[in-house]
Engineer: 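There's a structure below that I have some questions on.
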Number of protein chains: 2
Amino acid sequence: MIYPKYFLNLLNFVRRHGYLPSFREMLLLTGLKSTNAIAKHFQNWVEAGLLEKDRAGKYVVSSAVTGLPMLGTVEAGWPSPAEEELADTMNLDEFLIHNKEATYMLTVSGDSMIDAGVRPGDLVLVERGREPKDGDIIIAEIDSGWTMKFFHKRGGRVSLEPANKKYQTIYPKDELKVAAVVMAVIRKYHA
Amino acid sequence: MIYPKYFLNLLNFVRRHGYLPSFREMLLLTGLKSTNAIAKHFQNWVEAGLLEKDRAGKYVVSSAVTGLPMLGTVEAGWPSPAEEELADTMNLDEFLIHNKEATYMLTVSGDSMIDAGVRPGDLVLVERGREPKDGDIIIAEIDSGWTMKFFHKRGGRVSLEPANKKYQTIYPKDELKVAAVVMAVIRKYHA
DNA sequence: TTTACAGGTGAACAGATGTTCACTATAATC
DNA sequence: GATTATAGTGAACATCTGTTCACCTGTAAA
């Protein structure tokens with residue numbers, strides 16, 4: 001995406017400081033000399049969808065700008081520049097986390113879920129206090145300790161199934177203690 | 001983590017608006033009546049590490065507050081409340097993205113990398129313009145189209161290896177067109 | 001009982017904030 | 001050549017900002 005003149009200065013400031021520059025700060029960033037020039041640019045950027053005004057009348061950067069471009073599929077090849085500009089953008093935190101207060105991150109150890117594509121060293125985003133449904137991956141407390149397994153509930157009967165033939169399906173004797181439901185898996189390749 | 005009184009009001013505001021409330025806005029949020037009361041709280045929160053003052057002297061929420069709690073491993077069990085308070089916190093965007101301008105997100109179709117735990121429907125974070133190293137997963141353009149493969153470079157000889165026995169290793173005839181290097185894989189279970 | 005202190009009020013202040021108005025220079029269009 | 005946008009200047013404005021000072025009040029320690 002090609003941004004209008006001076007807008008990148010604003011973005012750099014936001015990334016460094018975490019808030020929008022004031023009009024006078026924008027003067028320093030752009031080399032301009034009148035706050036009125038900044039005001040006009042800001043109005044244009046609002047019309048262009050790069051900025052927004054919230055209910056209090058304060059400027060805010062649109063999430064369309066801060067997010068990542070969301071493209072097509074791998075097999076389809078790399079999109080053309082025109083397609084890139086149309087691409088959706090997204091913010092990873094907003095995208096992956098629904099209930100922030102209840103969301104935690106854990107490191108996976110062990111290979112009990114490897115056939116489901118969850119490998120040792122992966123990170124999992126889990127949500128506590130969520131009711132697991134049939135087929136969910138959960139973090140459960142069983143007699144011997146803690147484990148990640150598929151949760152199955154068919155006709156009132158609950159089972160914990162690993163995604164690895166080395167391990168056996170567990171049928172909890174009494175009640176099952178569900179610590180959290182796995183919402184997402186993240187694997188990072190380059191430190 | 002247990003926050004001091006009134007601090008949650010501030011956090012809620014930040015999450016809704018994307019910026020810190022002013023002292024007068026804090027009065028509305030807390031029910032207090034003097035900005036001086038807010039000023040004292042802010043100073044305490046800076047000492048507690050919940051807020052910071054940047055070089056310009058403006059208040060900013062510490063990243064320790066906005067991030068996710070980062071806990072131990074699955075096998076070790078759920079941490080005690082005491083451990084939770086000590087836990088590191090992290091921000092997913094900062095954690096996963098190094099070069100924002102060059103980072104894109106793609107949906108994976110096809111099963112050529114399934115033995116590496118990358119499944120159809122997964123999302124991959126890729127970085128363009130990065131030099132691939134031996135063992136990296138890359139998005140490459142080959143004669144027949146686009147594909148995701150392991151990049152191998154041993155003794156000057158380059159090969160593209162799938163992580164699926166159904167497919168064969170590719171030895172590019174002429175130069176290899178690397179579109180991007182895969183930096184992370186993300187799988188989301190609950191829409 | 002006295003002292004210290006955390007937590008709050010109320011008012012005043014200098015500086016910063018976005019907005020607005022009148023005006024200028026440059027370039028493109030008719 | 002005259003006209004019309006576009007992009008910018010410069011100054012003034014009311015309002016909002018965080019800070020500061022003097023003061024009040026209940027609670028807990030000395």
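Chain A is the first sequence line, chain B the second, and so forth, proteins listed ahead of strands; every chain is numbered from 1. All figures in this text were calculated on a predicted structure; none of them were measured in a lab.
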Engineer: Do T35(A) and dT19(C) share a donor-acceptor pair, side chain to base, under 3.5 Å?
Structural biologist: yes

Engineer: Whether K166(B) and D111(B) form a salt bridge (side-chain N of Lys/Arg under 4.0 Å from carboxylate O of Asp/Glu) is what I want to check.
Structural biologist: yes

Engineer: Separation of K5(A) atom NZ from dA7(D) atom P, in whole Å?
Structural biologist: 9 Å

Engineer: Compute whether any side-chain donor of one residue and acceptor of the other, for T169(A) and E161(A), lie under 3.5 angstrom apart.
Structural biologist: no

Engineer: Is there a donor in the side chain of D54(B) and an acceptor in the side chain of Y59(B), or the other way round, less than 3.5 Å apart?
Structural biologist: no

Engineer: Looking for any heavy atom pair under 4.0 Å, which part of the strands does Y59(B) touch: base, sugar-phosphate only, or nothing?
Structural biologist: sugar-phosphate

Engineer: Consider the side chain of S22(A), meaning its heavy atoms from C-beta on, and name the nucleotide among dT19(C), dT19(D), dT17(C) that approaches it most closely.
Structural biologist: dT17(C)

Engineer: Hey, is the side chain of K40(A) poking within less than 4.0 Å of OP1 or OP2 on dA5(D), counting only N and O atoms?
Structural biologist: no

Engineer: On DNA chain C, does the nearest nucleotide to E25(A) precede the nearest nucleotide to N36(A) from the 5' side, or the other way round? Give the residue.
Structural biologist: E25(A)

Engineer: Considering residues, nucleotides and ligands other than K58(B), do more than 12 of their heavy atoms fall under 6.0 Å from its NZ?
Structural biologist: yes

Engineer: Whether K58(A) contacts dT15(D) is assessed here as follows: a side-chain N or O lying under 4.0 Å from the phosphate OP1 or OP2. Is that the case?
Structural biologist: no

Engineer: OP1 or OP2 of dT17(D) versus the side-chain N and O atoms of Y19(A): is any pair under 4.0 Å?
Structural biologist: no

Engineer: dT19(D) P sits how many Å from N44(B) CG, rounded?
Structural biologist: 13 Å

Engineer: On DNA chain C, compare the nucleotides closest to R24(B) and F42(A); which residue's is nearer the 5' end?
Structural biologist: R24(B)

Engineer: Which of these nucleotides, dT9(C), dG8(D), dG18(D), is closest to any side-chain atom of L32(B)?
Structural biologist: dT9(C)

Engineer: What is the distance, to the nearest angstrom, from the CD atom on Q43(B) to the P atom on dT19(D)?
Structural biologist: 7 Å

Engineer: Output the rounded distance in Å from CZ (F23(A)) to C1' (dG15(C)).
Structural biologist: 18 Å

Engineer: For dG8(D), take OP1 and OP2 only and decide whether either is under 4.0 Å from a side-chain N or O of H41(A).
Structural biologist: yes

Engineer: Rounding to a whole Å, what distance do you find between L28(B):CG and dC16(D):C1'?
Structural biologist: 13 Å

Engineer: Quick one: does S34(B) reach the base of dG10(C) with a side-chain donor-acceptor pair under 3.5 Å?
Structural biologist: yes

Engineer: Just how far, in rounded Å, is C1' of dG7(C) from OH of Y6(B)?
Structural biologist: 9 Å

Engineer: Over how many whole Å does the gap from E47(B) atom CD to dG7(C) atom C1' extend?
Structural biologist: 15 Å

Engineer: For M26(B) and dG18(D), what is the distance between atoms CE and C1' respectively, to the nearest whole Å?
Structural biologist: 14 Å

Engineer: Are K153(A) and D134(A) close enough, and set up right, to give a salt bridge (Lys or Arg N to Asp or Glu O under 4.0 Å), and what steps lead you there?
Structural biologist: CA-CA 5 Å; K153(A) 189 174 191 176; D134(A) 180 60; over 6 Å; no

Engineer: When you get a sec, tell me which of dT9(D), dT19(C), dG18(D) is the closest nucleotide to the side chain of K33(A)?
Structural biologist: dT9(D)

